[in-house]
Each structure stands twice: as structure tokens, then as C-alpha cells.
Amino acid sequence: MQQLLPNSQVLDAEKVGEVLMDIKPGLPVTDNFQHWDPWRPLVIETARRVHEFTGGTLVMPMTVLVESFWREISDGLTKHGIPIRHFVLHADQETLRDRIQNDKVLGPSTFRFAYLEPYAEAARTWLHNDAEVIDTTGITPEQAAQRIADSARGR
């Protein structure tokens with residue numbers, strides 16, 4: 001994405017979660033750092049500070065499947081004048097299972113498998129209505145990135 005969008009920076013919201021995970025002696029036990037109350041405002045504040053500092057386009061890859069969490073983040077970004085283009089990279093369940101099972105970098109992930117049904121539920125109920133959906137089932141990552149970049153540039 002970054003190569004396709006001049007003057008862009010990538011802010012991975014998972015890194016904010018990783019900072020929270022490193023707190024000692026540790027925050028309350030959860031299966032997902034997105035459930036910790038500080039995560040969402042810290043994502044917003046980090047994005048605000050980075051955007052003020054750099055300008056340009058801020059690319060923030062993240063999967064948020066809880067609608068209230070997405071609303072909190074998107075409302076917070078909007079409040080700070082950060083324009084949002086919300087894209088969902090979709091694939092059917094069979095393709096997702098295959099990709100997770102055969103991931104050459106991370107290997108199979110029980111965490112990722114556990115979120116297949118929550119993704120399907122979010123897609124059915126709100127997520128696909130709130131975003132521009134890019135069906136990645138039959139395309140390469142490069143093609144998906146190109147579609148997003150083209151859409152972001154209004155093509």
C-alpha cells in the first residue's frame with residue numbers, strides 16, 4: 001500500500017496492543033488486547049499525533065470485529081479531522097481457513113481460526129455495510145492493494 005500511495009505512512013494498531021501486552025505485572029487477562037479499555041483511545045491518539053506530525057495518508061491495517069469498538073475508533077479519528085476510508089479485505093470461509101492453515105510466515109494459528117465465525121457474524125450484521133469490501137478470494141495481495149489505492153485516489 002505504501003508504495004502505491006505517495007506521502008503515506010503505515011501505523012499498525014496491533015503495535016499499540018503489543019505495548020499494552022508488555023505492561024508488567026500485566027493487565028487483566030483477555031484473549032484479545034482490543035478488549036482492554038486503553039487500546040482504542042491510544043490508537044486514536046497515536047494516529048492523531050502521527051498524522052499531525054507527518055500529514056499525508058495514514059494507512060492503518062487492523063481487524064476490528066466489535067462494532068462499538070469500530071465506532072469509538074472511527075468517531076475519534078473523525079473528531080480529530082483524520083479522513084477515513086474503511087476497507088474490508090474479504091474472503092470466503094473456505095479460503096480463509098486454507099490461508100490460515102497454510103500460512104508460510106506465521107503457520108497455522110488457533111487465534112486466527114477462533115475469529116472466523118466472529119468475522120462472518122460481523123460481515124453479516126454491520127461490517128460490510130460500513131466499508132468498501134474488496135473480495136480477495138481470487139486475487140493476489142498486490143491486486144488487492146492496487147484496488148484499494150485506486151479507490152483511495154478516486155479511480
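Bear in mind the structure is a predicted one, so any value in this text is a computation, not a measurement.
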Participant: Output all residues satisfying side chain to side chain donor-acceptor pair (under 3.5 Å) with Thr57, sequence neighbours left out; order by chain, then residue number.
Facilitator: none
Participant: List the residues meeting salt bridge (charged side-chain N to carboxylate O under 4.0 Å, His left out) with Asp98, not counting sequence neighbours, and say none if there are none.
Facilitator: none
Participant: Once salt bridge (charged side-chain N to carboxylate O under 4.0 Å, His left out) is applied, do any residues pair with Glu18, and if so which ones, sequence neighbours excluded?
Facilitator: Lys15
Participant: Could you list all the ring-ring contact (aromatic ring centres under 6.0 Å, His included) pairs where at least one residue sits in residues 4-32, not counting sequence neighbours?
Facilitator: none
Participant: With sequence neighbours excluded, tell me which residues meet salt bridge (charged side-chain N to carboxylate O under 4.0 Å, His left out) with Arg97.
Facilitator: none
Participant: Return the set of residues passing side chain to side chain contact (heavy atoms under 4.5 Å, CB included) with Arg48 (not counting sequence neighbours), or none when no residue passes.
Facilitator: Glu45, Glu52, His80, Ile82
Participant: For residues 83-91, tabulate all N or O donor-acceptor pairs below 3.5 Å that involve a side-chain atom, not counting sequence neighbours.
Facilitator:
from  : atom 1 : to     : atom 2 : distance (Å)
Arg85 : NH1    : Ser151 : O      : 3.0
Arg85 : NH2    : Glu132 : OE1    : 3.0
Arg85 : NH2    : Ser151 : O      : 3.3
Arg85 : NH2    : Ser151 : OG     : 2.7
His86 : ND1    : Asp130 : O      : 3.2
His90 : ND1    : Tyr119 : OH     : 2.6

Participant: What residues join Val29 in its hydrophobic cluster, counting side-chain heavy atom gaps under 4.5 Å, either direct or through other members?
Facilitator: none
Participant: Using side chain to side chain contact (heavy atoms under 4.5 Å, CB included) as the criterion, list what pairs up with Val10, not counting sequence neighbours.
Facilitator: Gln2, Val59, Pro61
Participant: Applying side chain to side chain contact (heavy atoms under 4.5 Å, CB included), name anything that partners Asn32, two or more places apart in sequence or on another chain.
Facilitator: Gln34, His35, Phe111, Tyr115
Participant: Which is it for Leu42 and Leu20 under the side-chain contact (heavy atoms from CB on, under 4.5 Å) test, yes or no, and what are the steps along the way?
Facilitator: CA-CA 10 Å; Leu42 286 171; Leu20 293 173; 3.9 Å; yes
Participant: Before you tell me yes or no, could you show the steps for Arg112 and Thr63 under side chain to side chain donor-acceptor pair (under 3.5 Å), namely the whole-Å CA-CA distance, both residues' side-chain angles and the distance that decides it to 0.1 Å?
Facilitator: CA-CA 11 Å; Arg112 290 166 64 200; Thr63 301; over 6 Å; no
Participant: Checking Lys24 now: which residues fulfil salt bridge (charged side-chain N to carboxylate O under 4.0 Å, His left out) with it, not counting sequence neighbours?
Facilitator: none
Participant: How many angstroms lie between atom CD1 of Ile44 and atom CE of Met60, to the nearest 0.5 angstrom?
Facilitator: 8.5 Å
Participant: Go through the structure and list residues passing side chain to side chain contact (heavy atoms under 4.5 Å, CB included) with Met21, not counting sequence neighbours.
Facilitator: Phe33, Trp36
Participant: Quick one, Arg40 with Val64, criterion side-chain contact (heavy atoms from CB on, under 4.5 Å). Give me CA distance, side-chain angles, the key distance, then yes/no.
Facilitator: CA-CA 10 Å; Arg40 297 171 303 281; Val64 179; over 6 Å; no
